[in-house]
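In what follows, a structure is listed as structure tokens, so that the remarks can point back to it.
Keep in mind that the numbers below use all heavy atoms, side chains included, and drop hydrogens, waters and symmetry copies.
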There are 2 protein chains.
Amino acid sequence: MGKPSEQRQEEIVISTIDLCAEQGVNKITTQVIADRVGVAQATIFKHFKTRDHVFEAVLRWLSGRMFKAVEPMFKSEASADVRLQNIICKQLEFASKHKALPRILFSDRLHSDSSVLKGIVQQVMARMTEAFTQLIQDGMDSGVFANQQSAQVMAKLVVSTMQGTLMRWSIHDYNFELQAEGQALYGYYMQALLANNPAPWSIEDK
Amino acid sequence: MGKPSEQRQEEIVISTIDLCAEQGVNKITTQVIADRVGVAQATIFKHFKTRDHVFEAVLRWLSGRMFKAVEPMFKSEASADVRLQNIICKQLEFASKHKALPRILFSDRLHSDSSVLKGIVQQVMARMTEAFTQLIQDGMDSGVFANQQSAQVMAKLVVSTMQGTLMRWSIHDYNFELQAEGQALYGYYMQALLANNPAPWSIEDK
DNA sequence: AATAAAAGTAATTAATTACTTACTTTTAAA
DNA sequence: TTTAAAAGTAAGTAATTAATTACTTTTATT
């Protein structure tokens, strides 16, 4: 019966991720995926009910990976500002390794009404914002961050800035150093967080 | 000869903008546009060489309108912080009135390689970033903003945050108050800008 | 070895849709 | 009023592509 389904499914998912990174979402037909995997087009439908189910699996694979890379950092022992810096760094690193992520994020398939993909991204964003909120609140409680405004709004700023940066990266054909740019912006909201804190920390680019 | 071309062209552009706002980019076929305008599908091609040329005109129309709304504010007499606030407010207002903008911004048609649309957006973003940079530099020179870091990086933060917010708005089906959310975030980078301004200690620039 | 379930395929289908063609109608100007 | 150019149209065409069908091959289990 050929390769076991689970294995083949992952092959299809990973091939699709590679193809998305190379060419974007729209151009990736089931035929193109099949060619890359090295099977017939019809075989794709033995493993996924529809083309959209492939992309659903792709998005779950990517977000799963990202959470696995980032989640332990939220719970680390380091102080809140260091944790925040590390997480942002890790997210940028992940995105820069997976162009497929912005490609899917900025596809109209995702943004179109009642898309399953959109639901997944909503969940991921909600989870991320929640985690950032806690982290920042933590920093406020422990006196690392100034607590004159809402931790949640600050978390939204972090998430929005990340996404805006990905957008700019995509628009500029991925030809600036994502991590460097992202870190530079980080310096700014760090300032907003630390503002009025009675310590003259200077923020340096890394 | 029916309606003069210029008039019909604008009808097509505006109908397409409405349709994009309602249904996104992908679903808008030349047939759908023709139906909305009330002409035959073939007529579209009497006024635009290809479907993509329609979307090009749409994007130019939208960005032209946005610049017209925002450009005078860059040059107003008000102090830099007030100008910044007003411009961001205006941009958010514009976007909230034109869902078509995020819809086009997050379409893979735009993000795909060698897309004319992408080029237009690149230009608009470059122009915006440039204008923000000058505004912020202006604020630094006049002492309204602390000038410990690069005005250009700060400008990028403003633009990225705007785009990230649009992204979040789109992902959440446009059902939060864009302007309120945006203004809340504005409060934060304002803090970064004003931070340490009246403070006794002064941090050297980078 | 027998066999049933799963994996695989070639060929086809059905739907979609940008764009063209060949023709008619409208309109502004000579 | 003539006329030529532009606007308009109905009816295609050709290309694309997700999904199905009807069939064959592989493989794990008994």
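- Salt-bridge formation is not detected for the pair A:Lys27/B:Asp108: no Lys NZ or Arg NE/NH1/NH2 atom is positioned less than 4.0 Å from an Asp or Glu carboxylate oxygen.
- Residue A:His47 places at least one side-chain N or O closer than 4.0 Å to OP1 or OP2 of C:dG8.
- What separates CD1 of B:Ile44 from P of D:dA6 is a distance of 19 Å, to the nearest Å.
- A:Ala95 is linked by a side chain to side chain contact (heavy atoms under 4.5 Å, CB included) to A:Leu166, A:Leu178, counting only residues two or more places apart in sequence or in another chain.
- In terms of the side chain to side chain contact (heavy atoms under 4.5 Å, CB included) criterion, residue partners of A:Asp35 (sequence neighbours excluded) are, by chain and number, A:Gln31.
- Taking 4.0 angstrom as the limit, B:Arg8 places none of its side-chain polar atoms (N or O) nearer than this to OP1 or OP2 of D:dA6.
- Counting only residues at least two apart or in different chains, ring-ring contact (aromatic ring centres under 6.0 Å, His included) contacts with residues 82-105 of chain A comprise A:Phe94-A:His98.
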Going 5' to 3' through nucleotides 17-24 of chain D and flagging B where a protein heavy-atom sits under 4.0 Å of the base, S where only the sugar-phosphate is that close, and - otherwise, we get SBBB-B--

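- Atom C1' of nucleotide C:dT9 and atom CG of A:Asp35 are separated by 14 Å, given to the nearest angstrom.
- A:Thr129 meets the side chain to side chain contact (heavy atoms under 4.5 Å, CB included) test with A:Thr133, A:Ala155, A:Lys156, A:Val159; sequence neighbours excluded.
- Evaluation of the side chain to side chain contact (heavy atoms under 4.5 Å, CB included) rule for A:Lys97 yields A:Glu93 as partners, not counting sequence neighbours.
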